[in-house]
Amino acid sequence: MPLEGEKVYLREQQREDIVKFREWRNNLETQGWSKTLPPDYTDEMYFKRHEQREFSYDPKQGLFTIIRKTNDEAIGLISYTGLEPRHSATIGIILDKKYWGQGYGYDAQEVLLKFLFIELGLQVVRLWTHAGNPGAVKLAQRSGFRISKRIREGVMKGGKFVDNLNMDLLREEYFERHSELSNNIDVMIKDGP
Amino acid sequence: MMENDYLAGKRVKLRPIEEEDLSLLHTWLNHPKIRGTIYIEDYPPFLPLTPKKIKQVFEEWTNPQKVMDINHFMVVKHKEDTAIGKVTIYMGWDPYQPGVEILIEPNHQRQGYGRETLSLVLDYLFNFTLAHNVSFSVVSWNKEAMAFGEAMVLQLGFQKNGGSRRIGIKDGQWFDEVSYDILKREWLSKKEK
């Protein structure tokens, strides 16, 4: 199991996970995205989307289900999208509310980041969130992400304007936090002024 | 003077892109000072655009089916009726936070045309759409654009709000995005003074 952490492992999204995806997507708290989606998604919509995925050697995204190790329960989903090979990708995470605040999200995020930096050789990983979701900001900061861009009052959440936040984590910042891993990519590119 | 006077200022006006603009846009887009500063999908940012790609870009920019999401205008000097630049409004999924991209051709840079263009766009977005925050971003290697950004802080009341790191490579170095935004109430109070 290559995508394994301490408390969870990540595996491909399977048809059997879909009922839970629909539940999380239709829960305004767990969908957590800056664009509020109507909580009216059906299992059929998800099945259809699932079946439309095609085999590719050049995928721009990876979609995983987060499995709790102790009971093999699907407890969330985590993904990267917009892959620019060897350069960057954007991650996203949804976690079942009953597992919030117990380190599952962090563990899943660390497993995905290791894959992105070690196996895909990325230089920077990004994510979008907003200031109305302090849990998500904290989770990202725990893995070393910092807020790189703040579009003030850019989105409305819970009836209030909140800042839209772009966060990112550079390759060497990741390796600074992981002394057990070595950064073997030295492409001699420095940050400009 | 102009029937659509909300898109017209003292020295410049904005008008839709027309067939005759193709050769001018071709020249600008391949100009060494502009190359890599304008977002072109699926093309290496620092290579000259081929005639076929330029034609494709032009077709996209003038595609009437996309105007609800993206608006492209030529910036035209009233006096000589000559085009000196191009401006793009990205409405995105949330009309609260549109983005703007401005191109002023090199011979007309640093003469206040960019500021006048941006003012026209702000007047349009804050008075004719639901915009709450308008942002634009520049790349950190582009000295002219960086100076423009700082000038817009002083002159129009924008705020610097960070930027994604390591968005690309130029001259052997990573460069970042530098982003600026302004809120509707800030723009309105600026206009009152």
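Every chain is numbered from 1 and lettered A, B, ... according to where its sequence line falls, protein lines coming before strand lines. No hydrogens, no waters, no symmetry mates; every other heavy atom, side chains included, goes into these values.
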Using heavy atoms and a sub-4.5 Å threshold, report which of residues 133-170 of chain A line up against chain B, by residue number.
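Residues of residues 133-170 of chain A touching chain B at under 4.5 Å: A:Arg146, A:Ser148, A:Lys149, A:Arg150, A:Ile151, A:Arg152, A:Glu153, A:Gly154, A:Val155, A:Met156, A:Phe161, A:Asn164, A:Asn166, A:Asp168, A:Leu169, A:Leu170.
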
For [X], I'd like to know if atom [atom1] has over 12 heavy atoms of other residues, nucleotides or ligands within 6.0 Å.
X	atom1	result
A:Glu180	CD	yes
B:Gln111	CD	yes
A:Lys114	NZ	no
A:Arg49	CZ	no
A:Tyr46	OH	yes

In this structure, would [X] and [Y] fall into the same cluster of hydrophobic residues linked by side-chain contacts under 4.5 Å?
X	Y	value
A:Ile118	A:Phe115	yes
B:Leu103	B:Leu47	yes
B:Tyr39	B:Phe136	no
B:Phe46	B:Ile54	no

Side chain to side chain, A:Arg126 and B:Ser164, heavy atoms closer than 4.5 Å
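Side-chain contact under 4.5 Å: yes.
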
Under 4.5 Å between any side-chain heavy atoms of B:Arg166 and A:Asp191, yes or no?
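They are in contact (side-chain heavy atoms under 4.5 Å apart), so the answer is yes.
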
Interface moiety of B:Leu183 toward chain A, non-hydrogen atoms closer than 4.5 Å:
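Contact with chain A is through both the backbone and side chain of B:Leu183.
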
Contact origin within B:Asp94 toward chain A - heavy atom pairs under 4.5 Å
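B:Asp94 touches chain A through side-chain heavy atoms alone.
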
What distance separates B:Ile167 CD1 from A:Glu84 CD, expressed to the nearest 0.5 Å?
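Output value for this atom pair is 9.5 Å.
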
Shorter than 4.5 Å, heavy atoms on both sides: which option in B:Gln159, B:His132, B:Gln173 has the most such pairs with chain A?
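Among B:Gln159, B:His132, B:Gln173, the one with the most close pairs to chain A is B:His132.
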
